[in-house]
**Q** 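My questions will all concern the structure given below.
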Amino acid sequence: MDGESQVLPGRGHTSREGINMAAAPRTVLISGCSSGIGLELAVQLAHDPKKRYQVVATMRDLRKKETLEAAAGEALGQTLTVAQLDVCSDESVAQCLSCIQGEVDVLVNNAGMGLVGPLEGLSLDAMQNVFDTNFFGAVRLVKAVLPGMKRRRQGHIVVISSVMGLQISLVEPGPVVTEFEGKLLAQVSTAEFPGTDPDTLHYFRDLYLPASRELFRSVGQSPQDVVQAIVKVIGSTRPPLRQQTNVRYSPLTMLKTVDSSGSLYVRTTHCLLFRCPRLLGLGLRCLSCGCLPAQVRPR
């Protein structure tokens, strides 16, 4: 966009007689495509051998589009278009959607930012910024595409989270090894966190951060692994409501479902993290030994 009106490829959905044009490619709008999962997903869908998708890959800052355009290759301008989109701006969302021909068939809410640190050392403004992007940004996009999907009685919304005709799928990758994760851990390892007591800083820097690095190193997936699962969800005739992508991470998440009160999960993780960090490291290395597959595939 960058001040200019740009018409993005899309598709029409019905003929004048109301006949569904099922053979046309589905328009997929993806947020947060400058790197990581969003970039990989956009490229893989754009290179679909059956050409089932017309991808609108968006990012807040178009100065970061070179990596995506290089990865897209010959699909750029054909089955993939790069567009500016700030999920925190109503105006930006409206402008992006107004330039798409036809309707959005699949929305992939992928844009997000991270924040790590002791609670008392983080400012409310920093927390608000995370919620503005990760929660309200996702809601803003859903609200924008939902009326058209409801009117057509078809559509698919995919939410990438660390957590009726119209389908919604929550994809939960768990730890994913990306440039985003590396930068985040590097930033917090040198942050000061004013107002945080010395004991909490010790636990955070000397126990939590090393455990986090080991978690990503041991059971973290690559963006390509996660994208394979997302592509299957998007292409499924009966997509799941919730889809975890990482079998190796399932023993940790299973603790939440075994005890509905949550006490088992809290006690276990607290013990491993603060009392038995060596046992935690050993457990993570066992999970990474290769006995379990790297990803969960949708049924």
Side-chain angles (χ1 to χ4, degrees), residues 1 29-43 56-68 71 82-96 107-145 157-163 169-196 204-205 208-209 211-213 215-216 220-224 226-227 230 244-246 249:
M1 314 219 165
L29 176 64
I30 310 173
S31 64
C33 293
S34 61
S35 63
I37 294 174
L39 185 152
E40 295 288 342
L41 177 60
V43 171
V56 181
T58 70
M59 61 189 70
R60 182 170 52 184
D61 186 356
L62 284 180
R63 290 174 297 182
K64 299 179 179 181
K65 67 180 180 179
E66 286 80 8
T67 303
L68 171 61
V82 182
Q84 193 275 337
L85 173 63
D86 181 358
V87 299
C88 297
S89 166
D90 290 334
E91 181 181 357
S92 177
V93 171
Q95 182 180 8
C96 180
L107 168 65
V108 181
N109 260 318
N110 174 70
M113 58 186 300
L115 183 65
V116 177
L119 180 63
E120 62 267 43
L122 300 173
S123 69
L124 288 176
D125 286 341
M127 298 179 195
Q128 183 67 54
N129 287 337
V130 172
F131 271 83
D132 283 344
T133 299
N134 296 8
F135 177 73
F136 292 108
V139 171
R140 182 175 284 107
L141 277 178
V142 171
K143 284 173 62 68
V145 304
I157 296 172
V158 179
V159 180
I160 312 301
S161 170
S162 300
V163 232
S169 298
L170 180 64
V171 179
E172 299 175 313
V176 182
V177 181
T178 65
E179 182 182 350
F180 171 85
E181 167 265 333
K183 285 183 178 179
L184 182 62
L185 290 180
Q187 289 171 356
V188 300
S189 64
T190 58
E192 293 297 328
F193 302 111
T196 306
F204 177 71
R205 287 174 173 164
Y208 177 81
L209 281 181
S212 295
R213 292 190 182 95
L215 179 70
F216 276 90
Q221 288 181 294
S222 70
Q224 292 86 352
V226 178
V227 163
I230 299 173
Q244 293 184 355
T245 69
N246 195 337
Y249 197 61

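Each residue takes its place number in the sequence, starting with 1. Everything numeric here is computed off the predicted structure, so don't read it as measured data. As a basis for the values below, the full set of heavy atoms in this structure was taken, side chains included, without hydrogen atoms, waters or symmetry mates.
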**Q** Answer yes or no: is there a donor N or O on one side and an acceptor on the other, between the side chain of T58 and the main chain of Q84, under 3.5 Å?
**A** no
**Q** For the residue pair V176 and S222, what are the closest heavy atoms and their distance?
**A** CG1-C, 4.2 Å
**Q** Taking S92's backbone N and O only, do any of them form a donor-acceptor pair with D86's side chain (distance below 3.5 Å, no angle check)?
**A** no
**Q** Rounded to the nearest 0.5 Å, what separates atom OG1 in T178 from atom CZ in F216?
**A** 7.5 Å
**Q** For residues V56 and A83, report the shortest heavy-atom separation together with the two atoms involved.
**A** CG1-CB, 4.1 Å
**Q** Which heavy atom of F193 sits nearest a heavy atom of V188, and at what distance?
**A** CE1-O, 3.6 Å
**Q** R63 and E66: which non-hydrogen atoms are nearest, and at how many Å?
**A** O-OE1, 2.8 Å
**Q** Looking at every heavy atom in both G38 and C33, which two are closest together, and how far apart are they?
**A** O-SG, 3.7 Å
**Q** What's the spacing between L41 CG and Q224 CD if we round to 0.5 Å?
**A** 11.5 Å
**Q** Do you know which two heavy atoms are closest between I37 and V227, and how far apart they sit?
**A** O-CG2, 3.6 Å
**Q** Quick check: does any side chain N or O of N134 sit under 3.5 Å from a backbone N or O of M113, one acting as donor and the other as acceptor?
**A** yes
**Q** Tell me, please, which residues at least two apart from E179 pass salt bridge (Lys or Arg N to Asp or Glu O under 4.0 Å).
**A** K183
**Q** Taking the side chain as every heavy atom from C-beta outward, state whether I160 and P173 have any atom pair closer than 4.5 Å.
**A** yes
**Q** Would you say Y208 has more than 12 foreign heavy atoms packed within less than 6.0 Å of its OH?
**A** no
**Q** Any side-chain donor-acceptor pair under 3.5 Å between E91 and S89?
**A** no
**Q** Working to the nearest 0.5 Å, report the span between CG of L124 and CE of M127.
**A** 5.5 Å
**Q** Applying salt bridge (Lys or Arg N to Asp or Glu O under 4.0 Å), name anything that partners R60, two or more places apart in sequence or on another chain.
**A** none
**Q** Kindly compute the distance separating CD1 (I30) from CD1 (I230), expressed to the nearest 0.5 Å.
**A** 8.5 Å
**Q** Check for a donor-acceptor pair, side chain of T196 on one end and backbone N or O of G121 on the other, with a separation under 3.5 Å.
**A** yes
**Q** Which distance, rounded to the nearest 0.5 Å, do you find between the CG of L185 and the CZ of R213?
**A** 6.0 Å
**Q** Has N110 got a side-chain atom pairing as donor or acceptor with G32's backbone, closer than 3.5 angstrom?
**A** yes
**Q** So how far is it from S34 OG to L68 CG, rounded to the nearest 0.5 Å?
**A** 8.5 Å
**Q** Taking V130's backbone N and O only, do any of them form a donor-acceptor pair with T133's side chain (distance below 3.5 Å, no angle check)?
**A** no
**Q** For a 4.5 angstrom cut-off between non-hydrogen side-chain atoms, does L141 reach L85?
**A** yes
